[in-house]
Amino acid sequence: MKTVMIEDSREANFTGVVQSGKRFEAYFEGTFLGQAYIHRSAEIMVEKKTGTFQDRRKKSQELEGPQEEITFHINERFDFLEKSVLMVASEVQPSIIISGSGGLGKTYTVRNTLEGCGFGDASEDSLNLNPYNSFVFIKGFSTAKSLYRTLYNHNGCIIVLDDIDNILRDPVAINLLKACLDSYDKRVVSWGAESKGDDNLPKSFEFTGRIIFITNIPSEKIDQAIRSRSLVVDVSMTREEMVDRMWVIARSNKFLPDYSWEVKEDSLEFIRTLQDQAKELSLRSLITICNIRNEFPNDWKNMATYVLVGN
C-alpha cells in the first residue's frame with residue numbers, strides 16, 4: 001500500500017496511508033480512520049475497512065500445515081550407532097552414550113563395529129595390543145575408586161562401560177567421567193581421597209582414552225554434564241521394531257553360523273506371529289527359538305510357544 005504526504009490526503013475519496021510527521025494516518029474514501037506510529041498498523045486499519053485484510057501469520061501457519069514429529073526407524077538409529085562408534089574409533093568423538101532397552105544388539109553392534117575397524121579386545125590380550133588400537137569391555141558393578149583404577153589401567157583404550165548403571169548415578173564417579181570427557185587439550189583426572197596402603201595408583205594422570213557407555217537408563221535421566229560431552233544415541237524400540245531388528249542381525253554371518261537360514265527364518269516368522277503375546281523379546285529369545293527349531297525340526301512349535309509365551 002502506497003504512502004503519501006499529508007497534503008495529498010485532501011483529495012476526494014482518498015483511500016490509503018498518509019505520513020504525518022512520525023505518525024501514519026489511515027483514510028478510507030477521504031474519511032479519517034485513525035493513526036499509528038507503525039506503518040503496518042495503519043495499513044491494517046485501511047484493509048479492514050476495505051475488506052481486504054488477511055492475517056499473514058495465520059495464513060503462513062495454514063500453508064505450512066501441522067508440524068510432523070521427526071522420527072527414525074530403529075534400523076536407521078542402529079546405523080547412527082555404528083557411525084558414532086566409528087567417530088570414537090577415529091578419535092573424532094571422545095564419548096558416546098547408547099541407551100535403550102536391553103537384549104537387542106547394543107553390545108553386539110559396538111563390539112562388531114570396533115573389530116571391523118581393526119581394534120583388538122584388550123581384556124583378552126592386554127599384553128600384546130597397542131592401547132590406542134584396542135578396546136576393553138567393563139561389566140557389572142563398579143565403585144568410583146574401581147572406575148578410577150579402570151581408567152588408569154586401560155588409559156589410551158576405548159573403554160566400554162557396559163550396563164554399569166550405578167556409576168551414572170554416583171556423583172563421585174560422574175565427576176571422574178566429566179574430567180575424562182573435558183574439551184581441554186589435556187584431560188587430567190584426579191583422585192584426592194586418602195586410601196589405606198599403597199595401591200600403586202597415582203593421585204592424578206592425563207586421560208587419553210575414549211569412553212562408550214551402554215545403558216538401559218533413558219537418556220534424559222543421565223547427568224546433563226555427561227550427555228553434553230557425548231554423542232547420544234537412543235535405540236529404544238517397540239515390539240515390532242524389535243522383530244525388525246532381529247531380522248537384520250539374523251542375516252549376519254556371525255549370528256548362529258552353524259544354523260541354516262531356514263532355521264533362522266522359521267524362528268523369526270514364528271516370533272513375529274507371537275510378538276504381542278511374548279513375555280520378553282530379545283536376541284536371547286531368538287537364539288532359544290532357533291535352538292528348539294534346530295533340535296526338533298518336525299515338532300518344535302508347541303515347545304517354542306510355551307517358552308516364548310508361557311502358560
**Aromatic ring proximity, centroids under 6.0 angstrom, F205 and Y148** = yes
**Request:** Please assess E29 against K49 for the test salt bridge (Lys or Arg N to Asp or Glu O under 4.0 Å), listing each intermediate value before the final yes or no.
**Result:** CA-CA 10 Å; E29 295 182 353; K49 187 66 176 178; over 6 Å; no
**Request:** Check whether any side-chain heavy atom of I138 lies under 4.5 Å from a side-chain heavy atom of D162, and answer yes or no.
**Result:** no
**Side-chain (N291) to main-chain (I287) donor-acceptor, under 3.5 angstrom** = yes
**Prompt:** Where is the tightest heavy-atom contact between R227 and I222, given as atom of each residue plus distance?
**Reply:** NE-O, 2.8 Å
**Request:** Evaluate the side-chain proximity of I97 to L231: yes if any heavy-atom separation is below 4.5 Å, no if none is.
**Result:** no
**Prompt:** Between L114 and V110, is any pair of side-chain heavy atoms under 4.5 Å apart?
**Reply:** yes
**Complete:** Between the CG atom in D234 and the OG atom in S99, the distance rounded to the nearest 0.5 Å is 3.5 Å
**Message:** Is any side-chain heavy atom of V172 closer than 4.5 Å to one of T143?
**Reply:** no
**Message:** side-chain contact (heavy atoms from CB on, under 4.5 Å) for I226 and F213? Distances and angles first, verdict last.
**Reply:** CA-CA 10 Å; I226 302 299; F213 300 91; 4.1 Å; yes
**Asked** When V243 is tested against each of R272, E269, M237 for side-chain contact (heavy atoms from CB on, under 4.5 Å), which residue passes?
**Response** R272
**Prompt:** Does the E241 side chain pair with the main chain of T238, one donor and one acceptor, at a distance under 3.5 Å?
**Reply:** yes
**Asked** Which pair of non-hydrogen atoms, one from A89 and one from C117, has the smallest distance, and what is that distance?
**Response** CB-SG, 4.2 Å
**Prompt:** Can you tell me if K106 uses its side chain to pair, donor with acceptor, with the backbone of G100 under 3.5 Å?
**Reply:** yes
**Asked** Within the side chain of R245, is there an N or O that forms a donor-acceptor pair under 3.5 Å with the backbone of N75?
**Response** no
**Message:** I need the minimum non-hydrogen distance between T50 and T15, along with the two atoms involved.
**Reply:** CG2-CG2, 4.3 Å
**Message:** Does any part of the side chain of H154, heavy atoms only, come nearer than 4.5 Å to the side chain of F135, both counted from C-beta?
**Reply:** no
**Asked** Taking all non-hydrogen atoms of both residues, which atom of E280 and which atom of S285 are closest, and how far apart?
**Response** O-OG, 3.2 Å
**Asked** Side chain of R210, backbone of V88: donor and acceptor closer than 3.5 Å?
**Response** yes
**Message:** Distance to the ring centre below 6.0 angstrom and angle to the axis at most 45 degrees; does that hold for R111 and F137?
**Reply:** yes
**Prompt:** Do L268 and Y108 belong to the same hydrophobic cluster, where Ile, Leu, Val, Met, Phe, Trp and Tyr are linked whenever their side-chain heavy atoms lie under 4.5 Å apart, directly or via other members?
**Reply:** yes
**Prompt:** Are L151 and Y132 co-members of a hydrophobic cluster defined by side-chain heavy atoms under 4.5 Å apart?
**Reply:** no
**Asked** Can you find a heavy atom in the side chain of T107 that is under 4.5 Å from one in the side chain of K139?
**Response** yes
**Item:** Salt bridge E265-R251, side-chain N to carboxylate O under 4.0 Å
**Value:** no
**Item:** Donor-acceptor contact present, side-chain N155 to main-chain E206, <3.5 Å
**Value:** yes
**Prompt:** If you round to the nearest 0.5 Å, how far is SG of C290 from CD of E295?
**Reply:** 13.0 Å
**Request:** Give the cluster check for L176 versus V188: same hydrophobic cluster or not, with ILVMFWY residues linked at side-chain heavy-atom distances below 4.5 Å.
**Result:** no
**Message:** Any heavy-atom pair between the side chains of I214 and V160 that's under 4.5 Å?
**Reply:** yes
**Request:** Find the distance between CG (N166) and CZ (R169) and round it off to the nearest 0.5 Å.
**Result:** 8.0 Å
**Message:** Using side-chain heavy atoms (C-beta onward) and a distance below 4.5 Å, is I271 in contact with M242?
**Reply:** no
**Prompt:** Donor-acceptor pair, S230 side chain versus V232 backbone, under 3.5 Å?
**Reply:** no
**Message:** For a ring pair (Phe, Tyr, Trp, His ring centres under 6.0 Å) check, start with the C-alpha distance between W300 and F270, then their side-chain angles and the critical distance, and finish with the verdict.
**Reply:** CA-CA 11 Å; W300 62 280; F270 177 81; 5.3 Å; yes
**Fill in**
In this structure, CG of L308 is separated from OG of S267 (nearest 0.5 Å) by 10.5 Å
**Message:** Under 4.0 Å between a side-chain nitrogen and a carboxylate oxygen: does that hold for R229 and D182?
**Reply:** yes
**Request:** Could you check N294 against D258 for side-chain contact (heavy atoms from CB on, under 4.5 Å), going step by step and ending with a plain yes or no?
**Result:** CA-CA 10 Å; N294 190 68; D258 295 333; over 6 Å; no
**Prompt:** In terms of hydrophobic clusters joined by side-chain contacts under 4.5 Å, are V248 and L286 together?
**Reply:** no
**Other residues, nucleotides, ligands: >12 heavy atoms within 6.0 Å of Y152 OH** = no
**Message:** Tell me whether the count of non-hydrogen atoms from other residues, nucleotides or ligands lying under 6.0 Å of NZ in K279 goes above 12.
**Reply:** yes
**Asked** Can you list the steps and then say if V235 with L81 is a side-chain contact (heavy atoms from CB on, under 4.5 Å)?
**Response** CA-CA 8 Å; V235 290; L81 189 163; 4.1 Å; yes
**Interatomic distance, M246 atom CE to K264 atom NZ [nearest 0.5 angstrom]** = 14.5 Å
**Message:** Before you tell me yes or no, could you show the steps for F141 and I164 under side-chain contact (heavy atoms from CB on, under 4.5 Å), namely the whole-Å CA-CA distance, both residues' side-chain angles and the distance that decides it to 0.1 Å?
**Reply:** CA-CA 6 Å; F141 178 84; I164 312 181; 5.7 Å; no
**Message:** If you compare all heavy atoms of S142 against all heavy atoms of I167, which two are closest, and at what distance to 0.1 Å?
**Reply:** O-CG2, 3.5 Å
**Prompt:** To the nearest 0.5 Å, how far apart are CG in L181 and CD1 in I211?
**Reply:** 4.5 Å
**Prompt:** Do you reckon L86 sits in the same ILVMFWY cluster as F119, going by side-chain contacts under 4.5 Å, direct or chained?
**Reply:** no
**Request:** Kindly say whether W191 contributes a backbone atom to a donor-acceptor pair with the side chain of S204 at under 3.5 angstrom?
**Result:** no
**Prompt:** Any idea which heavy atoms bring V46 and A26 closest together, and the distance?
**Reply:** CG2-CB, 3.7 Å
